[in-house]
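Letters A, B, ... mirror the listed sequences (proteins, then strands); counts begin at 1. Keep in mind that the numbers below use all heavy atoms, side chains included, and drop hydrogens, waters and symmetry copies.
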There are 2 protein chains.
Amino acid sequence: MTEQAPARKSTWKQDPEAVKADILRVATAEFADRGLSGARIDEIAAKTSVSKRMIYYYFSDKEGLYRAALEGVYARLRANERALDLTGLDPIAALTELIKATFDSHRSLPDFIRLVMIENIHHAAYMKQSLIIPELNSSIISKLAELCDAGKAAGIFYDHVDPVELHWMISSMSFYNVSNRETFSHSFGAELHTSAGQQRLRQRVVDAVLAIAVKPRPNAPALA
Amino acid sequence: MTEQAPARKSTWKQDPEAVKADILRVATAEFADRGLSGARIDEIAAKTSVSKRMIYYYFSDKEGLYRAALEGVYARLRANERALDLTGLDPIAALTELIKATFDSHRSLPDFIRLVMIENIHHAAYMKQSLIIPELNSSIISKLAELCDAGKAAGIFYDHVDPVELHWMISSMSFYNVSNRETFSHSFGAELHTSAGQQRLRQRVVDAVLAIAVKPRPNAPALA
DNA sequence: ACTAAAATGTACCAATCTGTTAAATTCATG
DNA sequence: CATGAATTTAACAGATTGGTACATTTTAGT
């Protein structure tokens with residue numbers, strides 16, 4: 001009887017890791033869809049392959065399950081950000097790529113957006129309890145900081161450019177684009193959320209952020 | 001004997017309008033603080049001067065009360081926007097004032113922000129039921145449209161400038177600034193939410209939006 | 001095979017929470 | 001001041017929901 005994990009697992013009928021993952025998958029979708037108090041433990045249990053008892057067995061209580069879901073989506077966003085490779089690009093190109101990647105990343109992770117919305121409704125109470133989330137937030141800022149330093153050193157970025165300010169601006173538009181889609185579309189039409197509209201918006205974000213970071217150059221291309 | 005005397009005789013005042021307003025005031029705060037499913041009718045009732053039964057008497061049910069609160073905060077934001085007078089300003093100055101006013105307006109109406117967040121969590125379901133909200137949304141766009149037309153006519157705005165796009169960008173940053181304050185501050189520090197930080201952010205929003213709207217001018221002042 | 005521990009299911013409870021019933025109080029008006 | 005409509009209260013009912021007690025099955029090690 002070997003200790004090698006993969007082969008042995010297949011013979012197991014009980015599979016705690018798979019059960020935990022299954023619960024977390026369903027719970028994330030459910031919390032994202034209905035909020036912390038809106039989600040129902042019974043409903044989550046019904047959508048998993050196991051009974052409600054297992055939720056309490058593995059996650060203690062509703063808040064424990066919610067915390068696990070929150071940490072999960074943060075980890076996924078962080079993985080996205082870490083996958084972004086900007087080596088070899090000049091500061092302007094690098095910043096452009098980072099903006100586009102952030103915009104796309106937010107669009108592709110609606111569960112992250114919605115759980116962060118829900119966290120803000122709860123005054124970030126559960127995020128503040130988490131021990132693992134803080135360490136996830138450094139990579140994007142350090143990438144931006146490097147980039148800003150390079151841009152300033154080359155004399156093409158303004159001296160006042162600040163990584164956290166840049167991240168705030170990039171995030172705000174990337175986040176709002178997803179978070180407020182429903183109310184915005186209903187109020188002002190869905191034009192901006194067509195595929196062509198989203199492409200245009202992304203370019204506007206690039207243009208706007210570059211404009212506050214990059215000094216005007218005499219031979220720069222004018223906006224289309 | 002006028003009816004204005006505050007506490008005249010009995011414990012009952014019999015003042016339906018004041019009762020309705022009191023319920024709505026408390027409910028708005030409570031829904032904004034805890035969300036639709038998180039708010040408790042008993043809790044709202046306890047914080048008013050009247051009994052729970054009155055909520056059902058005047059607002060039918062929990063959702064009716066929530067809808068009333070939602071319509072109330074929208075009306076307040078649009079009133080703010082309508083009060084903004086841009087006559088006599090050239091397009092650039094007018095746009096600058098509009099951006100600053102929007103940024104400030106969002107900061108001063110946290111209940112609006114939070115109820116819109118909650119609406120988006122609910123996929124704008126209740127906003128879509130409202131008959132009065134749609135008519136509130138036109139004034140800001142028409143103001144921007146006028147402004148864009150003037151700017152293009154004067155040859156100082158890009159031809160591609162679009163009122164809805166501009167509003168999207170101004171709103172996104174003004175909204176996110178309030179909506180995501182808790183999570184952003186916790187992740188990246190509270191520097192941007194100090195009074196000095198907010199002043200700086202507002203100026204960045206102005207600079208960024210102007211940059212995508214206004215053609216570069218040879219003698220334009222460089223960013224600070 | 002036997003046993004203890006881990007993993008899972010079933011049935012249930014206690015606490016909440018929304019909404020209702022029936023009655024009491026106030027007020028306008030004839 | 002009698003009367004009925006509008007307004008308000010107190011108490012309660014029905015349903016929902018998070019959480020638990022206890023039984024049962026599965027697994028690893030002996």
Side-chain angles (χ1 to χ4, degrees), chain A residues 1-27 30-31 33-69 118 122 125-126, chain B residues 1-27 30-31 33-69 118 122 125-126:
Chain A
M1 194 177 295
T2 70
E3 278 295 325
Q4 286 162 3
R8 197 178 61 175
K9 260 189 189 167
S10 59
T11 68
W12 281 16
K13 206 167 170 206
Q14 291 183 351
D15 190 345
E17 290 309 313
V19 167
K20 271 195 266 190
D22 188 34
I23 293 173
L24 201 54
R25 194 196 88 247
V26 173
E30 203 67 7
F31 281 129
D33 193 46
R34 319 224 176 172
L36 173 51
S37 46
R40 299 284 168 246
I41 294 281
D42 283 309
E43 185 67 18
I44 293 172
K47 290 181 177 175
T48 65
S49 59
V50 293
S51 78
K52 177 169 69 158
R53 177 67 182 78
M54 302 312 297
I55 293 174
Y56 292 95
Y57 186 69
Y58 286 122
F59 298 95
S60 301
D61 54 17
K62 194 184 186 181
E63 296 190 358
L65 181 58
Y66 171 78
R67 264 194 303 273
I118 290 161
H122 291 274
Y126 300 94
Chain B
M1 177 185 313
T2 66
E3 277 297 325
Q4 300 186 25
R8 197 184 56 190
K9 53 196 253 186
S10 175
T11 57
W12 282 12
K13 349 177 184 181
Q14 192 102 334
D15 187 349
E17 290 310 313
V19 167
K20 270 195 267 189
D22 188 35
I23 292 173
L24 201 54
R25 194 196 87 248
V26 173
E30 203 67 9
F31 282 129
D33 193 47
R34 319 221 175 178
L36 173 51
S37 47
R40 299 283 168 251
I41 295 282
D42 282 313
E43 185 67 19
I44 293 172
K47 290 182 177 174
T48 65
S49 59
V50 292
S51 78
K52 177 170 65 158
R53 179 66 181 79
M54 301 310 297
I55 293 173
Y56 292 95
Y57 185 71
Y58 286 121
F59 298 95
S60 302
D61 54 16
K62 193 183 187 182
E63 296 190 357
L65 182 58
Y66 171 78
R67 265 194 302 273
I118 290 160
H122 291 274
Y126 300 94

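- For B:M54 and C:dT26, the CE to C1' distance is 12 Å, given to the nearest whole Å.
- Using a 4.0 Å heavy-atom distance criterion, B:Y58 is classed as a sugar-phosphate-only contact.
- Interatomic distance, CD1 of A:I55 versus NZ of A:K62, reported as 10.5 Å (0.5 Å rounding).
- Nucleotide D:dT8 holds its P atom 10 Å from the NZ atom of B:K20, rounded to whole Å.
- Using a 4.5 Å heavy-atom cutoff, the side chains of A:V19 and A:Y57 are not in contact.
- When rounded to the nearest whole Å, the span between OH of A:Y57 and P of D:dT26 equals 15 Å.
- Atom-to-atom distance recorded for A:D22:CG and A:M54:CE is 11.0 Å, nearest 0.5 angstrom.
- Atom C1' of nucleotide C:dG19 and atom CZ of B:F59 are separated by 16 Å, given to the nearest angstrom.
- Across the interface with DNA chain D, nearest-nucleotide mapping of A:S60 and B:R53 shows B:R53 to be the residue nearer the 5′ end.
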What N/O pairs connect the protein and nucleotides 15-18 of chain D at under 3.5 Å? Give each pair on its own line.
{"unit_1": "D:dT17", "atom_1": "OP1", "unit_2": "A:R40", "atom_2": "NE", "d": "2.5"}
{"unit_1": "D:dT17", "atom_1": "O5'", "unit_2": "A:R40", "atom_2": "NE", "d": "3.4"}
{"unit_1": "D:dG18", "atom_1": "OP1", "unit_2": "A:A39", "atom_2": "O", "d": "3.4"}
{"unit_1": "D:dG18", "atom_1": "OP1", "unit_2": "A:R40", "atom_2": "NH1", "d": "3.3"}
{"unit_1": "D:dG18", "atom_1": "OP1", "unit_2": "A:K62", "atom_2": "NZ", "d": "3.1"}
{"unit_1": "D:dG18", "atom_1": "OP2", "unit_2": "A:I41", "atom_2": "N", "d": "3.1"}

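- Between A:E17 atom CD and C:dA6 atom C1' there is a gap of 13 Å when expressed in whole angstrom units.
- Distance, B:I55 CD1 to D:dT9 P: 11 Å, rounded to whole Å.
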Contacts under 3.5 angstrom, residues 40-47 of chain B side chains, donor-acceptor by atom type, not counting sequence neighbours:
{"unit_1": "B:R40", "atom_1": "NH1", "unit_2": "B:S37", "atom_2": "O", "d": "2.8"}
{"unit_1": "B:D42", "atom_1": "OD1", "unit_2": "B:K52", "atom_2": "NZ", "d": "3.3"}
{"unit_1": "B:K47", "atom_1": "NZ", "unit_2": "B:E30", "atom_2": "OE1", "d": "3.2"}

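- Residues passing the ring-ring contact (aromatic ring centres under 6.0 Å, His included) test with A:F31 are A:Y66, sequence neighbours excluded.
- For B:K20 (side chain) and B:F59 (main-chain N/O), no donor-acceptor pair under 3.5 Å exists by modelled atom type.
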